[in-house]
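In what follows, every chain begins at residue 1, and chains take the letters A, B, ... in the order their sequences are listed. The figures here come from the full heavy-atom set of this structure, side chains too, leaving out hydrogens, waters and symmetry mates. Model, not experiment: these values are computed from the prediction.
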Protein chains: 2
Amino acid sequence: MTHRDDSVEIIQQEMTAFARRARATAARMHPELSLVSYTLLAHLDDQRGCRATDLAAHYFLDKSTVSRQIAALEKLGFVERRVDPDDHRVQVLHPTEEGAQVLANVTASRRQAFHERLADWSEEDLDRFASYLARYNAAQERLD
Amino acid sequence: MTHRDDSVEIIQQEMTAFARRARATAARMHPELSLVSYTLLAHLDDQRGCRATDLAAHYFLDKSTVSRQIAALEKLGFVERRVDPDDHRVQVLHPTEEGAQVLANVTASRRQAFHERLADWSEEDLDRFASYLARYNAAQERLD
DNA sequence: GTGAACTAGTTGTATAGTACAACATGGATG
DNA sequence: CATCCATGTTGTACTATACAACTAGTTCAC
């Protein structure tokens with residue numbers, strides 16, 4: 001067992017532990033917007049609207065899953081659909097005013113929670129941790 | 001927006017992205033053992049047997065959830081129960097031979113996948129990434 | 001030693017998130 | 001036009017999960 005193996009083992013364990021807990025933590029913090037709803041809504045906000053198909057591709061979700069998630073967000077009044085005039089199959093999705101507001105609140109509170117969790121980290125450590133995570137995820141995306 | 005804020009933002013985004021994808025990736029890689037079953041079985045193996053209550057506490061799961069997961073693992077023949085002679089309420093759970101074997105296979109294949117993903121990382125980067133993850137999760141556990 | 005309070009685990013019920021297959025409908029291309 | 005493709009919805013099924021109600025065993029106070 002090399003040092004390298006040890007590190008990989010720890011990374012594996014910690015990533016797994018984190019993944020297991022993330023959903024439950026998110027749900028406890030924000031009952032009004034699940035982790036999935038949150039990321040979908042955030043993507044809509046970020047992209048200034050997009051199609052259900054784009055969301056499915058981006059998040060590796062089935063189109064039926066996205067369809068139901070969007071239906072739920074619409075029912076909550078957080079998302080609205082605008083049929084594309086050039087292609088009547090397509091619905092371009094946008095956050096509503098209220099959706100954008102809720103998103104902003106959840107984002108702010110998530111951001112604060114992360115800041116608190118990372119409060120005693122040096123700027124250098126934060127920077128490196130952020131780079132490592134980005135690098136790890138980018139590599140994984142290419143494999144997916 | 002300070003550099004510090006930027007790093008926290010990236011950490012948040014990347015951790016969220018990772019969490020969203022982890023379950024599906026695990027399920028695709030190992031249809032025979034879900035991420036949850038895997039971690040429970042691994043914990044049993046690691047601890048050389050423990051109680052359902054211990055699993056629930058360790059993974060922040062409801063005891064009913066653990067009860068059903070264990071029932072499923074038992075049905076698959078991967079876990080056996082031994083009633084504690086000193087306290088007949090207690091069932092000490094152990095991996096069976098077959099359970100240990102499947103666990104070993106899945107562990108090996110997960111380990112290999114992680115090694116591949118991290119193949120082009122320097123030993124120093126791996127070491128630091130592992131420390132950061134451990135530090136992050138330890139801090140979060142204290143807040144949970 | 002008996003009853004109250006506690007602990008371990010199971011089962012009933014409900015919900016979220018997910019996939020896959022079948023479908024409807026609109027567009028593109030031979 | 002006829003066929004094929006793209007977009008999205010709906011039916012169905014399954015997994016993971018929580019909470020509440022329950023059973024059964026243990027401990028402790030009196």
* Asked: Are A/Asp5 and B/His115 linked by a side-chain donor-acceptor pair shorter than 3.5 Å?
  ->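 Side chains of A/Asp5 and B/His115: pair found under 3.5 Å.
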* Just checking, any donor-acceptor pair under 3.5 angstrom between side chains of A/Gln101 and A/Glu97? ->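 Checked: A/Gln101/A/Glu97 side chains show no N/O donor-acceptor pair below 3.5 Å.
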Between [N] atom [atom2] and [X] atom [atom1], what is the distance in whole Å?
X	N	atom1	atom2	answer
A/Leu33	C/dA16	CG	P	13 Å
B/Leu55	C/dA8	CG	P	13 Å
A/His30	C/dA16	NE2	P	18 Å
A/Ile70	D/dT7	CD1	P	15 Å
B/Arg81	C/dA8	CZ	P	16 Å
A/Asp84	D/dG8	CG	C1'	14 Å

For [N], take OP1 and OP2 only and decide whether either is under 4.0 Å from a side-chain N or O of [X].
X	N	answer
A/Ser67	D/dT7	no
A/Thr65	C/dT18	no
B/Gln91	C/dA8	no
B/Ser64	D/dT17	no
B/Arg68	D/dC19	no

Detail all sub-3.5 Å separations between protein N/O atoms and N/O atoms belonging to nucleotides 27-30 of chain C.
| unit_1 | atom_1 | unit_2 | atom_2 | d |
| --- | --- | --- | --- | --- |
| C/dG27 | OP1 | A/His88 | N | 3.0 |

* Exam field: side chain B/Asn137 to backbone A/Glu14, donor-acceptor pair closer than 3.5 Å ->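 Checked: pair present.
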* Asked: Where each residue is assigned the nucleotide of DNA chain C containing its nearest heavy atom, which of B/Lys63 and A/Asp62 is assigned the position nearer the 5′ end?
  ->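 Going by which nucleotide is closer to the 5' end, it is B/Lys63.
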* Asked: When the nearest nucleotide of DNA chain C is assigned to A/Gln69 and to B/Asp54 on a heavy-atom basis, which residue is associated with the more 5' position?
  ->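 It is B/Asp54 whose nearest nucleotide is closer to the 5' end.
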* Evaluate the salt bridge (charged side-chain N to carboxylate O under 4.0 Å, His left out) criterion for residues B/Asp125 and A/Arg135: first the C-alpha distance (whole Å), next the side-chain angles of each, then the deciding distance (0.1 Å), finally the verdict. => CA-CA 11 Å; B/Asp125 283 343; A/Arg135 182 176 174 191; 3.4 Å; yes
* Give the ring-plane orientation class for B/Tyr132 versus A/Tyr132, where under 30° counts as parallel, over 60° as perpendicular and anything between as tilted. =>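 Rings of B/Tyr132 and A/Tyr132: tilted, 30 to 60°.
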* Asked: When the ring planes of A/Trp121 and B/Tyr136 are compared, do they come out parallel, tilted or perpendicular, using 30° and 60° as the limits?
  ->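 Rings of A/Trp121 and B/Tyr136: perpendicular, over 60°.
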* What residues form a salt bridge (charged side-chain N to carboxylate O under 4.0 Å, His left out) with A/Glu124, not counting sequence neighbours? ->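 Result, salt bridge (charged side-chain N to carboxylate O under 4.0 Å, His left out) vs A/Glu124: A/Arg128.
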